[in-house]
Amino acid sequence: MPEPQTTSPFPVRRITTRRGPDPKQDRAARTKLLVLTAAAELFSTQGFRHTSVKDVADRVEMTKGAVYFHYPTKEALAIAVVEQHYARWPMLLEEVTAEGRGPLETAARLLAGAAAAFRDDIVVQAGARLQIERPQIDAELPTPYVDWTELLSALLISARTAGELREGVSPHAAARSLVAAFFGTQHISDVLHERADVVERWSETAELLFRAISAR
Ligand code: LUB
């Protein structure tokens with residue numbers, strides 16, 4: 001079975017704390033990540049409007065000035081959190097692609113991995129909330145849903161080429177349906193159970209959808 005050669009449509013702007021040659025730069029990168037994670041925790045629980053830069057500074061025991069050094073505005077913090085939400089997915093794609101499964105199963109494993117990240121990762125959760133609050137945030141946030149739709153379309157086109165897709169199933173239509181179903185499943189799980197059951201809820205939805213599009 002040919003491995004799905006899928007390039008990630010997600011912009012990779014991962015903040016890394018890997019030790020570099022310059023300790024000062026390292027410390028700055030670690031502080032930047034500390035501030036971003038604190039902002040994600042507050043945005044995820046309180047939302048954008050009810051979170052102040054002072055709240056973020058207090059959470060990391062720094063001055064507002066020190067926070068502004070890394071993020072000039074609260075909007076810049078929101079953009080960074082949403083970018084880090086999407087920066088999770090290329091690594092997940094790398095991990096799942098390394099498993100060497102066929103394209104259809106790779107798509108299923110990717111979304112199952114994303115469901116676990118929505119349950120366990122505060123930056124993923126904060127990014128999702130900020131995307132819901134887009135109308136209240138005066139900043140150019142990354143466009144939601146489109147990168148996942150592009151990635152799943154590419155995988156489902158490979159699945160069709162590999163004979164894994166049921167006759168007559170449009171890869172693009174199936175990709176849009178998977179994204180809409182995932183968005184809805186994680187949102188309902190968030191509102192009703194703070195995403196405690198999102199992995200189980202997505203697994204039952206995925207079972208139905210992948211059974212519907214699979215040739216097997
Ligand atoms: C995904 C959300 C929640 C799409 O891509 C996105 O922007 C998404 C947050 O905005 O679901 C489904 C994989």
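Since the structure is predicted, the reported quantities are computational estimates derived from the model, not experimental observations. As a basis for the values below, the full set of heavy atoms in this structure was taken, side chains included, without hydrogen atoms, waters or symmetry mates. Numbering of ligands and ligand atoms starts at 1, following listing order.
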Consider every N or O of Tyr86 and every N or O of ligand 1, then say whether any pair is closer than 3.5 Å.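 Yes, at least one N or O pair falls under 3.5 Å.
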Please report whether ligand 1 has a polar contact with Tyr145, defined as an N or O pair separated by less than 3.5 Å (distance criterion only). yes
Between [X] and [Y], is there a side-chain N and carboxylate O pair less than 4.0 Å apart?
{"X": "Glu133", "Y": "Arg129", "result": "yes"}
{"X": "Asp55", "Y": "Arg59", "result": "no"}
{"X": "Arg109", "Y": "Glu99", "result": "yes"}

Which residue holds the protein heavy atom closest to atom 12 (C) of ligand 1, what is that atom called, and what is the gap in Å?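 The closest one turns out to be Phe182 CD2, 3.6 Å.
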Tell me which protein heavy atom sits closest to atom 4 (C) of ligand 1, plus the residue, atom name and distance to 0.1 Å.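 Here the nearest protein heavy atom works out to Val179 CG1, 3.8 Å.
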Lys/Arg cation over aromatic Phe43: Lys74, 6.0 Å, 45° cone: no
Relative to the heavy atoms of Gln131, which atoms of ligand 1 are at a distance of less than 4.0 Å?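 In order of numbering, the contacting atoms are 10 (O).
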For ligand 1, does Gln186 get within less than 4.0 Å through its side chain, its backbone, both, or neither, judged by non-hydrogen atoms? side chain
Should the heavy atoms of other residues, nucleotides or ligands under 6.0 Å from CZ of Arg134 be counted, would the total exceed 12? yes
